[in-house]
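Data first, discussion second: the structure below is written as structure tokens.
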Amino acid sequence: MLIPLFIVSLVLTVPLPFVTSLVRLRANAARRIAGWHDVPIDRPYRPRPAKAHLIGRRTYLWIVTDPATWRDLAWLLPGAAIGLILGVLSLVIPLYGVQGILLLPLWIWLGTGWYGYGVIWPIETVSEGMLSLPQGALFLAFGLAAAPYLRRYDALFARLLLAPTTNARLRARVAQLSYSRADTVDAQAAELRRIERDLHDGAQARLVSLGMTIGLAEELVERDPQAARKLLAEAREVSTTALVELRHLVRGIHPPVLAERGLDGAVRALALNLRLPTAVESEVTGRLDTPVESAAYFAIAEALANATVHSGATAAYVSMRRDGETLRMEVADDGRGGADPARGTGLTGIGRRLGAFDGTMTLSSPPGGPTIVTMELPCALSSPRTTLSSGTD
């Protein structure tokens, strides 16, 4: 009894991954074709579980419990039939028109007699053949105009079954937010460690040295005033250096120019301080929320730093504009191109920083350039702010 059950389960489970892979290849091809006709269809499949072998219980459950598997199978036969019918129509109608246009020359070439067109239309004279010319031109024009709509209807039908369901979109959204949250926590922890290291190795060490120098000066102030004055001068230099390091550290956390002048002014100030000539075009008016401004500023700064250090460019360009509730940023350079996020942490860090706010980054960097980093960040204008003047009344 156990052996037949084992054979049946083996017959059902072994071909399943291979059949499903073929069906998903066909469905993904339909999704790509639908995208060509302005009907984007996202892939709705659940992620493959960890340690899932090609043939095994985890893979079987992953395939069987994924609703997208059954939606693909439900689409396969009717989708193929509808696609075939609409595809044939998109070809037959223009060809029918071409036949009408070429009918008269063919009829003359074949000689007088019987010739069928369309629904077996016998033509015996040249005047009757002349009537096929406008009819053919009409069908050709109609067929060429209708073909894109026929393909679009095919794509719309495919979207009914191949697009993610509402539950699938929610699951994907939750997974994305969980991933971005974990990524953000790791990035914040790394940033805190960097700040702690910079304080420990920089300003803290200099302040300790400053305290020791002042202590020695106190001991020498009566016995050797000249040496005490030298120590105090050294202490003043150390305090100045520590203050500069603290200012650099504060700029790395939240640049004062960003708080004072907003994203537009901060990016323009950043461009002026780069050794790479950088043009800035901005349509951003008003102030954004502080976290959004900070994320956008540091993302642009990181992209410009990559262009300055790695691209070999002679010029760079920054564009910023608001499109509804989305801030669109673009950083381009005329360097050698070939940028790859997998080869460094700069571009990966930009994506991580934007992902914390549900933003996106796309990269175009063909060999030979140019390199274009396009970033999008959800945003909203904050309430108007007032800044205090540095002058006195």
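The shown structure was predicted, so the numbers you read here are calculated from the model rather than taken from an experiment. Here, residue 1 is the first one in the sequence, and each next residue gets the next number.
Linking ILVMFWY side-chain heavy atoms closer than 4.5 Å, directly or via other members, places V23 and W70 in a single hydrophobic cluster. Two different hydrophobic clusters hold L86 and L91 under the rule that ILVMFWY side chains link at heavy-atom gaps under 4.5 Å. Tracing side-chain contacts under 4.5 Å through hydrophobic residues (I, L, V, M, F, W, Y), one reaches L89 starting from I82; they form part of the same cluster. Hydrophobic clustering (ILVMFWY, side-chain heavy atoms < 4.5 Å, transitive): F157 and I33 are in distinct clusters. Linking ILVMFWY side-chain heavy atoms closer than 4.5 Å, directly or via other members, places M329 and L274 in a single hydrophobic cluster.
Residue D38 holds its CG atom at 10.5 Å from CG of L156, rounded to the nearest 0.5 Å. Atom OG1 of T374 sits about 4.5 Å away from atom CD of E330, to the nearest 0.5 Å. Distance check, rounded to the nearest 0.5 Å: OG1 of T314 to CG of L276 gives 7.5 Å. Going from atom OG1 of T278 over to atom OH of Y317 covers 12.0 Å, rounded to the nearest 0.5 Å. For the atom pair M361 CE and L377 CG, the distance stands at 13.0 Å (nearest 0.5 Å). Note that the CD atom of E283 and the CG atom of D264 stand 10.5 Å from one another [nearest 0.5 Å].
Side-chain N or O atoms of R31 include one that pairs as donor or acceptor with a backbone N or O of L162 at under 3.5 Å. With hydrogens and angles disregarded, no donor-acceptor distance shorter than 3.5 Å links the side chain of D334 to the backbone of P370. Under a 3.5 Å cut-off, the side chain of S365 and the backbone N or O of G338 do form a donor-acceptor pair. A donor-acceptor pair under 3.5 Å is absent between the side-chain atoms of R322 and the main chain of L327, judged by distance alone. Using modelled atom types, one side-chain atom of D66 and one backbone atom of A68 make a donor-acceptor pair closer than 3.5 Å.
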Q: Kindly indicate, with the supporting measurements, whether the criterion side-chain contact (heavy atoms from CB on, under 4.5 Å) is fulfilled by I300 and M320.
A: CA-CA 10 Å; I300 292 175; M320 300 180 294; 3.7 Å; yes
Q.
Quick one, L76 with R26, criterion side-chain contact (heavy atoms from CB on, under 4.5 Å). Give me CA distance, side-chain angles, the key distance, then yes/no.
A. CA-CA 8 Å; L76 190 59; R26 176 65 184 90; 4.0 Å; yes
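The two residues V280 and A271 have their closest heavy-atom pair at CG2-CB, 3.7 Å. Heavy atoms only, all atoms of each residue included: A155 and I41 are closest at O-CD1, 4.1 Å. Closest non-hydrogen pair, S90 versus R151, comes out as OG-CD, 4.3 Å. Scanning all heavy atoms of the two residues, the minimum distance from I372 to A332 falls at CG1-CB, 4.0 Å. I214 approaches A235 most closely through the heavy-atom pair CG1-CB, 4.1 Å.
Considering only heavy atoms from C-beta on, P164 comes within 4.5 Å of D42 through its side chain. Using a 4.5 Å cut-off on side-chain heavy atoms (C-beta onward), T371 and L363 make contact. Residues R321 and V284 are not in side-chain contact: their nearest non-hydrogen atoms beyond the backbone lie 4.5 Å or more apart. Here the side chains of R328 and S319 are not in contact, with every heavy-atom distance at 4.5 Å or above. A heavy-atom distance below 4.5 Å is not found between the side chains of L160 and W75. Under the 4.5 Å side-chain criterion, counting only non-hydrogen atoms from C-beta, M375 is not in contact with T360. For the pair D72/Y45, a side-chain contact is recorded, criterion being any heavy-atom separation below 4.5 Å from C-beta on. Between T308 and R275, some side-chain heavy-atom pair lies under the 4.5 Å cut-off.
A donor-acceptor contact under 3.5 angstrom links the side chains of T69 and R24, judged on distance only. Inspection of the D154 and Y149 side chains reveals no N or O donor paired with an N or O acceptor under 3.5 Å.
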